[in-house]
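Following: one structure in structure tokens, then a few remarks.
Computed from a prediction, not measured in an experiment: that's the story for all the values here.
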Amino acid sequence: RQKKGQFEGSNGHGFHDSFQDLDFEGGSNIYGSAPLADLFPSVTVVFADIAGFTAWSSAREPGQVFVLLETIYGTFDKIAYRHNVFKVETVGDCYVAAVGLPEPVDKHAVVACKFARDCLKKMKEVTLQLEVALGPDTGDLDLRTGIHR
């Protein structure tokens, strides 16, 4: 039975296999299967990183950092849902999403760009709203996005 977060055809160890398990020269991983990326040839990945987060968070209480990340990522999750974008994970202040998996999407790169655009717009709105609770420099935080097809 397939577990949540795993895709059909995966090696059973989930989406987040260690890069140490991959054999880049031989074209397969230690489990003898093709690299996960080969299973999804038409995918666009979006990376969204909060610019200024490290300096901002070093001057905050953990609860304030949590409020910021929970609010921003909750907003991105709603945008992802509207665009049918798959949230892969969050790593610290980086939100990683993909279009074209687990189900193929014809114009995956276009959808990814629209998703990134909407996240950029909402980021400024959310950080300005949070300034009252989290401090005036919260509105100075920005979002950098990267798209890989």
Side-chain angles (χ1 to χ4, degrees), residues 1-54 56-57 60 62-130 133-134 138-149:
R1 184 169 181 198
Q2 187 174 336
K3 293 179 183 177
K4 186 177 181 182
Q6 292 183 340
F7 301 110
E8 239 178 87
S10 76
N11 58 26
H13 295 273
F15 190 76
H16 305 289
D17 287 339
S18 168
F19 285 113
Q20 298 171 28
D21 294 345
L22 298 177
D23 172 12
F24 293 105
E25 289 182 29
S28 66
N29 58 32
I30 64 170
Y31 307 108
S33 60
L36 186 59
D38 289 350
L39 299 174
F40 302 97
S42 298
V43 172
T44 301
V45 179
V46 179
F47 302 91
D49 180 67
I50 302 173
F53 177 79
T54 302
W56 180 90
S57 64
R60 298 294 186 284
Q64 292 175 302
V65 174
F66 178 80
V67 167
L68 176 81
L69 293 177
E70 188 71 12
T71 304
I72 290 171
Y73 294 156
T75 300
F76 292 176
D77 288 345
K78 290 175 186 170
I79 296 168
Y81 181 79
R82 280 197 316 267
H83 287 284
N84 199 24
V85 170
F86 179 77
K87 176 183 179 180
V88 176
E89 67 182 335
T90 54
V91 182
D93 65 316
C94 186
Y95 187 99
V96 183
V99 183
L101 65 89
E103 298 298 323
V105 175
D106 285 337
K107 297 185 178 188
H108 53 92
V110 172
V111 173
C113 289
K114 289 180 178 181
F115 168 71
R117 176 201 60 202
D118 290 354
C119 288
L120 287 164
K121 286 180 184 176
K122 271 299 198 187
M123 175 70 178
K124 190 45 74 180
E125 195 177 301
V126 168
T127 56
L128 289 173
Q129 289 172 352
L130 288 173
L134 302 180
T138 303
D140 296 337
L141 294 172
D142 209 354
L143 190 68
R144 292 181 292 223
T145 59
I147 297 174
H148 180 74
R149 181 171 172 256

Between K124 (side chain only) and G139 (backbone N and O only), is there a donor and an acceptor less than 3.5 Å apart? yes

Looking at [X], I'd like to know if its [atom1] atom is crowded, meaning that more than 12 non-hydrogen atoms belonging to other residues, nucleotides or ligands lie closer than 6.0 Å.
X	atom1	result
K107	NZ	no
K122	NZ	no
E125	CD	yes
R117	CZ	yes

Measure the OG1-CD1 distance between T127 and I72 for me, rounded to the nearest 0.5 Å. 6.5 Å

Supply the atom-to-atom distance H108 NE2 to I147 CD1, rounded to the nearest 0.5 angstrom. 12.0 Å

Can you confirm whether [X] sits close enough to [Y] that some side-chain heavy atom of one is under 4.5 Å from a side-chain heavy atom of the other?
X	Y	answer
M123	I50	yes
V46	V85	no
L141	L68	yes
C119	F115	yes
V111	T44	no
L69	F53	yes
R60	T138	yes

Can D140 and W56 be said to form a side-chain contact (heavy atoms from CB on, under 4.5 Å), step by step? CA-CA 9 Å; D140 296 337; W56 180 90; over 6 Å; no

For V43 and G100, work out which heavy atoms get closest and say how close. CG2-O, 3.6 Å

Shortest non-hydrogen contact from D118 to H83? OD2-NE2, 2.6 Å

Any idea how Y73 and Y95 line up, ring-wise: parallel (<30°), tilted (30 to 60°), or perpendicular (>60°)? tilted

